[in-house]
Amino acid sequence: MAGLQPVRGTHDLLPDDSRRHRHVEDTAFQLVRRYGYGEIVTPIFEFTEVFARTLGETSDVVTKEMYTFSMKEGESITLRPEGTAGVARAFISNGLAQSLPLKLFYRGPMFRHERPQKGRQRQFHQVGVEFLGVADPLADIETVSMGFRFLEALGLGDKVTLELNTLGDQESREAYRNALIAYLDPFRSGLSEESRARLDKNPLRVLDSKDEGDKKIVAAAPLMTDCLTPSAKDYFDQLCQGLTDIGVPFTVNPRLVRGLDYYCHTAFEFTTTALGAQGTVLAGGRYDGLIGQMGGPATPGIGWAAGVERLSMLVGDIAATDRPVAIVPMGNAPQAMVLADRLRAAGISVELGFSGNMKKRMARADKADARAVVILGEDEMARGAATVRDLDSGSQTEVALDRLTEHLLAR
RNA sequence: GCGGGUGUAGCUCAGUUGGUUAGAGCGCCAGGUUGUGGUCUUGGAUGUCGUCGGUUCGAACCCGAUCACUCGCCCCA
């Protein structure tokens, strides 16, 4: 501990930051409520198996990014690296299969032990949604378009691109997997080291390799679309048509793959070029197999998550609302407190300077962005009044104390 | 986990080939105005030069290690 630094990859959110942060979260929840979502709050840690089993044993998140601790009792727990697994677990634990269909919103910190850089922290925040129980393209259309409307509500509609792909159903996926391996295997020695490893563990991931040599090989690889079953193809077509009808622009990216194993059918990603290497701002997909695989009743689901820090960086400053009124007493401190209490009870925010001469208190009122100052001077008090100064215009008038609340509310 | 860059006041940054008391702007504090802010003006305080160690008569400056930040890779929100 050199000096008093925060732990690597963690950050304090000072009021200016947290206001932006809160704006993103609140915008998300407000919008999502219009679609019928309720908020779920799950613990920020779970038994390690909850993540290990659902995310896929070979995923990067599980193999090297989890914050895992062993308890005295010998149990292993992990700080959540993402939200879906915990929600799925809560769904099973609480027997929520009785309540389908179900729309759940969550927000809060996530933890991944990665090397920090811009837009990537070890503790970061996400807002996310899970829509459980409907295996119909309509659910996909609603969920994806809701993501777009959320970004629009933040003023980011034109800064962001939606990429869309389908991973097909299980049959399609298996057929594609085989086709891909059959295509890639002869090129094995020409692939990068990492892609060779992926070829064995998770061949789909070879598709989005950034290695130039791999890109050339992959360019001619068979596409998922070639292997789709008729029903999987139809599912995807309906989604595309639905998004078009609703006016959500997108491009189909056949190479788009999700990092986590539980996805099928729809995969999508909203990206921006404004954040350097971390372009993904909101992403998700369909995960029909997940809950069954965890030991719950087979339940289809689709969802997305968005990075609050990344979005905060894009939205810029959020003006503080609710400018206060400042009270500046001239040697009448107890009366000032009583007056402040009365005004606050009436719904007015009040800034009460606690020390200093008048000049200093006026300066502090200005810094607090007060809209007006109530000056409690000896002369006015004797008449049962106070001076109210408008800090924007600089004009001031004397107002009777019993009319003060009314006067300040009127502005 | 791998590679590049950076680290001087609360913030943004200067600091000449190593040389004695380390600077600027903004911000902060106090005065000009003992009942009036935002402008102006005068003055003041800023600091383990990221940390530890080494070279040297002498290190903010050179070397090593370490920590943090940052950019990219990997991966992802």
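The chains referred to below are lettered A, B, ... by the order of the sequence lines, with proteins before strands, and numbering in each begins at 1. Scope of the values below: all heavy atoms of this structure, side chains included, with no hydrogens, waters or symmetry mates.
- Within the nucleic acid shown, A:D392 comes within 4.0 Å of at least one base atom, counting heavy atoms only.
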Counting primed atoms, P, OP1 and OP2 as sugar-phosphate and everything else as base, the B/S/- map of nucleotides 3-11 of chain B against protein heavy atoms under 4.0 Å is B--------
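- Side-chain nitrogen and oxygen atoms of A:R120 include none within less than 4.0 Å of the OP1 or OP2 phosphate oxygen of B:C76.
- Side-chain atoms of A:L404 and A:L401, non-hydrogen and from C-beta on, do get closer than 4.5 Å to each other.
- Of the residues near RNA chain B, A:V308 and A:H11, the one whose nearest nucleotide (by heavy atom distance) lies more toward the 5' end is A:H11.
- Rounded to the nearest Å, the gap between the C1' atom of B:G25 and that of B:U66 is 33 Å.
- For A:D366 against B:G37, a side-chain N or O and a base N or O form a donor-acceptor pair under 3.5 Å.
- Separating the P atom of B:G7 from that of B:G43 is a span of 33 Å, rounded to the nearest Å.
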Dump the intermediate steps for side chain to side chain donor-acceptor pair (under 3.5 Å) on A:S395 and A:D390, then the final yes or no. CA-CA 6 Å; A:S395 65; A:D390 184 312; 5.3 Å; no
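- Residue-to-nucleotide proximity on RNA chain B shows that, of A:T10 and A:Q126, the 5′-proximal contact is made by A:T10.
- Using atom C1' as the reference point in both B:G32 and B:G23, the two lie 28 Å apart (nearest Å).
- Geometric assessment of A:R89 against the ring of A:F91 yields a negative cation-pi assignment under the 6.0 Å and 45° thresholds.
- Contacts of A:G147 with the nucleic acid, taken as non-hydrogen atoms under 4.0 Å apart, are absent.
- Screening residues 272-286 of chain A for salt bridge (charged side-chain N to carboxylate O under 4.0 Å, His left out) gives A:D140-A:R286, A:R286-A:D288 as the qualifying pairs, with residues at least two apart or on separate chains.
- For residues 112-132 of chain A, the pairs satisfying ring-ring contact (aromatic ring centres under 6.0 Å, His included) are A:H21-A:H125, A:Y67-A:H113, with sequence neighbours left out.
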Run the side chain to side chain donor-acceptor pair (under 3.5 Å) test on A:T68 and A:T78 for me, step by step, so that the C-alpha distance in whole Å, both residues' side-chain angles and the decisive distance to 0.1 Å come before the verdict. CA-CA 4 Å; A:T68 297; A:T78 294; 2.9 Å; yes
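- Distance check on atom C1': B:C26 versus B:U70 gives 24 Å, rounded to whole Å.
- Side-chain atoms of A:D185 do not come within 3.5 Å of backbone N or O of A:I181 as any donor-acceptor pair.
- Using a 4.0 Å heavy-atom distance criterion, A:A283 is classed as a sugar-phosphate-only contact.
- Using a 4.0 Å cut-off between charged side-chain N and carboxylate O, A:E114 and A:R120 make a salt bridge.
- Distance A:M66 CE to B:G1 C1': 17 Å, rounded to the nearest Å.
- Atom name P, nucleotides B:U39 and B:G58: the rounded distance is 49 Å, in whole Å.
- The residue A:G394 sits close to a base: some heavy atom pair falls under 4.0 Å.
- A:A305 approaches A:Y106 most closely through the heavy-atom pair CB-OH, 3.7 Å.
- Within 6.0 Å of OH on A:Y35 lie more than 12 heavy atoms contributed by other residues, nucleotides or ligands.
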How does each nucleotide of nucleotides 25-30 of chain B score, in 5' to 3' order, for protein heavy atoms under 4.0 Å: base (B), sugar-phosphate only (S), or none (-)? ---SSS
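- At the heavy-atom level, A:Q396 lies under 4.0 Å from base atoms of the strands shown.
- Using a 4.0 Å heavy-atom criterion, one finds that A:L282 contacts the sugar-phosphate atoms exclusively.
- Nucleotide B:A77 holds its C1' atom 6 Å from the CZ atom of A:R112, rounded to whole Å.
- Distance check on atom C1': B:G5 versus B:G18 gives 23 Å, rounded to whole Å.
- Ring centroid separation for the pair A:Y183 and A:F187 comes in under the 6.0 Å cut-off.
- Across B:G53 and B:C61, the matching P atoms stand 14 Å from one another, rounded to whole Å.
- Proximity of a side-chain donor or acceptor of A:N253 to a complementary backbone N or O of A:R255 within less than 3.5 Å is detected.
- As rounded to the nearest Å, B:A14 and B:U8 have C1' atoms that lie 10 Å from one another.
- If you check every strand for non-hydrogen atoms under 4.0 Å, A:E380 touches a base.
- With sequence neighbours excluded, the residues that form a side chain to side chain contact (heavy atoms under 4.5 Å, CB included) with A:A175 are A:C227.
- Counting only Watson-Crick and G-U wobble pairs whose two distances sit under 3.5 Å, RNA chain B takes part in these stems of three or more pairs: B:1-7 with B:67-73, B:10-13 with B:23-26, B:28-32 with B:40-44, B:50-54 with B:62-66.
- Between A:R122 atom CZ and B:A77 atom C1' there is a gap of 17 Å when expressed in whole angstrom units.
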